[in-house]
Protein chains: 2
Amino acid sequence: MVAVRGGSAHGPAHLVLTASVARRYYLDGRSKVEIAEEFALSRFKVARLLDDARSSGLVRIEIGHPGVIDVELSARLMETLGLQHCVVTDTPDDHPASLREHLGAAAAELLTELVTPDDVLGLSWARSVSAMATALQRLATVPVIQLTGALTRPGVDDSSIEVVRDVARVAGGPAYFFYAPMAVPDAATAQALRRQPEVARAFSRIGSVTRAVAGVGAWAPEQSTLYDATSEAERHELGRLGVTAEISGVLVDADGTPVASDLTERMIGITAEQMRAVPEVIAIVYGTAKVKAVLAAVRGGLVDSLVTHSTLAEALIREAGS
Amino acid sequence: MVAVRGGSAHGPAHLVLTASVARRYYLDGRSKVEIAEEFALSRFKVARLLDDARSSGLVRIEIGHPGVIDVELSARLMETLGLQHCVVTDTPDDHPASLREHLGAAAAELLTELVTPDDVLGLSWARSVSAMATALQRLATVPVIQLTGALTRPGVDDSSIEVVRDVARVAGGPAYFFYAPMAVPDAATAQALRRQPEVARAFSRIGSVTRAVAGVGAWAPEQSTLYDATSEAERHELGRLGVTAEISGVLVDADGTPVASDLTERMIGITAEQMRAVPEVIAIVYGTAKVKAVLAAVRGGLVDSLVTHSTLAEALIREAGS
DNA sequence: CACGGGCGTGCTCAGATGAGCGGCGCCCTG
DNA sequence: CAGGGCGCCGCTCATCTGAGCACGCCCGTG
C-alpha cells in the first residue's frame, strides 16, 4: 500500500463501504473471508469494519416479536433474577381483571409447553391460578395436586373452587384435591384437618411435585388474600416480624426467609421447605405494589419462574439492579 | 435426555429462551460455546436457535444512519451497478436547485475523502460540478485539470467559470485551465483551439488524470447543456444515431458505446477513450429523466462512481434489475 | 408387531474467526 | 532533523463455527 491517506477518516465513501460490508455480512449471510475477497480487503479489515458498524450504530440489532409477549423484556427479567422461566406480557396494566386474564392465558401456554408426562403438577389457591386454569386447553397427562386450602372472600367471586379438578380434567390425569380452608382458628383444628383422608392424600403427594403454579401476595391490604383474611392484631404482628411476601400461604420476609408464627401452625397447605423443594414454582403476579414481595419470593428460592406484565417486570429489573 | 416432550414446540418458554440466547449472542457478543455452557445446551442447539431466531424475524438487523446519506441505498446501488463509489442522499427531489446544492455538498465530501496527494483531478463543465466546487472546503494537494470547454446558456447563470481555479485553490495545487467553448462551428476551429497553449497544456495532462468529476446529461431538452446548445437538425441526427447520454461532451448510445459524429470533431474536451482511461470518473446526477442516460454511461465504463438522490437511485436499481 | 419416514440431536473435521502481537509510516515535539 | 507516540495494518495460533452425517426416538402404517 502506498500509504498516503487522503481526506477525512469517516467520509461518505467509508460509510457506504461499511454499509456494503455490513449488508453482505448480516443480511446476505456471507462469511468475512468471502467479503474480504469481494472487496479486496483483509479479513481483519472486514472484521474491524463490522465492529465499527455495530459500535457506531450503523447496524442495529433488535430482538422483538409481534405479539403480547415481550420476549426481550422476558429474557432480561429472567437473567436479572436468575429465573428458570419468565413470560412478560405487555398488556396495559390499567385493568386488573383483563390483566389477570391475559396473564392466565400466558401462564396456561407456558404450562402447556413445560409440563411433560413425567411431571407432577401442584396448584395453589389464587385468582390468577384460576384464570390460568380457565385458559388451559391442553396439558400432558400428569397428576394434579392441590397445595393449599381455599380462601374465599365474602362478596368476591373468586371463581371456581374446582381449579384442581378442572386442570386435571384437561390433563387427563388424577386429581388430588380437598375441601378445607387455608387457615383455621387454632393449631389443633389444623392438625385434625391435615389428618382428613383427602387432605392427607394430597399432602402425601406434595413431595413429588415437580412444577407448581402460585400467586404472590404482598403483606398489605388488597395485596394478599391471606392478609385480608387475617385479624388486625395478627396483621400488625406479622408485619412487625418483617413479612413481605405471601406465596400460597407461605410467609417470608424481605430476604425470602420464612417467617414462623402462630399462623404457620394454623395453615392448611404446603410449607416453606416443601415449596423450596419443588423444582419449579411458577408465580403469576401483577401490580407494581408487589415489587418487593416478588423479589423476596425469588431471593428466598420459593419462586423459580414468573409470569407477569411489563410494568412490573421493569420495576423488578430496576429494583433488582439497585 | 429422557426424551419425553411436553407441550407445543413453540411455546412462550421456547420463545424467551431463544430471545435470551439471541440477546447474549448479538447484543452481548458472547460466543456460541459460552452461551451453550451458560444455558446448558449443546453449541449446535444454540446455533439452530439463532438460525430460527433470524429466519422467524425474532431478531431484526437493520442498517441505517441518521443523516442525509442513505447508506443502505448507496450500498445497494453501488453493488447493483458495480460502481467504485456511490453516495445517495435522501433529499426531497422537488426542488432542482436545492437538490443540486445537496448533491454538490455530498460530492465535495466524497472528493475530500477520496483524493490523495497522488491523485490528479479532472473537472468537467457542469452546474453540479460547480455546486461541488462551492461546497468544497478541504482537499489534498493535487493538480486540477479542466477537461472540457465551457458552455453557457444565455439567461442562465451557470455560476462561475472559475471552477477549476477555485478547486485548485482549495487543494493548493496547480490549476490547468483555459477559456474556450465546449463546441465550435467547425472542426478546423476546434483543431486550432486545441493548439492554443493553455488548452494544449491542460489536454496534455488528461492522460494522467486519476479522478474526474462530471455530470451526466440525457439527450433531451433541458437534460443536457450540450443538447440545448445544438441545432435542431443536429439534435435529430444524433438522436437517430442512438445518443442516450452526454458526459462531459462525450456522447454515447444506450449501451454506452461512444457515438462518433460530425459534432465529435468540433468538441473541445476529453474524448470517450480518454474518459474511459480515467481510473475513476465520479458523476453527479439528479432527476429521474436521466435513468437511461446514467445506465448507459455506467455500462459504457465512462462513469465509475455516482452521487445522486434516492428517487433516481431507486429508479436505477429498478431499471438495472429488469 | 415390524418397519420405515420424519425429526431432533450431537458428532467430525475443515474452514472461519478473534485476541493479541509486532511492524510500519505518519505526525508532533523538542 | 531525530525521536517518541500513535494509529492502522496484517500475521499467528488457539478457538470457534458451519455443513454434512449418523444415530436414536417417535409415530403412523401395513
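A note on names: the letters A, B, ... follow the listed sequences, proteins ahead of strands, and every chain is numbered from 1. Heavy atoms only: backbone and side chains are in, while hydrogens, waters and symmetry mates are out. All figures in this text were calculated on a predicted structure; none of them were measured in a lab.
Looking at Gln137(B), its side chain never comes within 3.5 Å of a backbone N or O of Thr112(B) through a donor-acceptor pair.
Here the closest heavy-atom approach between residue Val88(A) and residue Ser74(A) is recorded as N-OG, 2.9 Å.
Atom CG in Asp52(A) sits roughly 10 Å away from atom P in dC9(D) (whole-Å rounding). Straight-line distance from the CG atom of Leu49(B) to the P atom of dG18(D): 13 Å, rounded to whole Å. Atom-to-atom, CZ of Phe44(B) to P of dG10(C) comes out at 9 Å; the value is rounded to the nearest Å. Between Glu34(A) atom CD and dG15(C) atom C1' the separation is 11 Å, expressed in whole Å. Atom P of nucleotide dA19(D) and atom CG of Leu50(B) are separated by 13 Å, given to the nearest angstrom. Whole-Å rounding puts the Leu41(B) CG to dC16(D) C1' distance at 17 Å. The distance from atom CZ of Phe39(A) to atom P of dG10(D) is 16 Å, rounded to the nearest whole Å.
Taking 4.0 angstrom as the limit, Lys45(B) places a side-chain polar atom (N or O) nearer than this to OP1 or OP2 of dT9(C). Between dT9(C) and Ser42(B), no contact under 4.0 Å exists linking OP1 or OP2 to a side-chain N or O.
A heavy atom lying under 4.0 Å from DNA chain C marks the following residues of residues 25-33 of chain A, by number: Ser31(A), Lys32(A), Val33(A).
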For residues 58-65 of chain A, which side-chain N or O atoms pair as donor and acceptor with protein atoms under 3.5 Å away, sequence neighbours left out?
residue  : atom : partner  : partner atom : Å
Arg60(A) : NH1  : Glu62(B) : OE1          : 2.8
Glu62(A) : OE1  : Arg60(B) : NH1          : 2.9

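Of the candidates dC11(D), dG18(C), dG10(C), dG18(C) carries the atom nearest the Arg43(A) side chain, counting heavy atoms from C-beta on.
For Thr89(B), the side chain to side chain donor-acceptor pair (under 3.5 Å) partners at least two apart in sequence or on another chain are Thr91(B). Judged as a salt bridge (charged side-chain N to carboxylate O under 4.0 Å, His left out), and not counting sequence neighbours, Glu314(B) has no contacts. Judged as a side chain to side chain donor-acceptor pair (under 3.5 Å), and not counting sequence neighbours, the contacts of Ser124(A) are Ser248(A).
In the interface, the side chain of Arg48(A) is not paired with the base of dG18(C) through any donor and acceptor atom under 3.5 Å apart.
Residue pairs that meet the salt bridge (Lys or Arg N to Asp or Glu O under 4.0 Å) test with at least one member in residues 10-23 of chain A, sequence neighbours left out, are Arg23(A)-Glu72(B).
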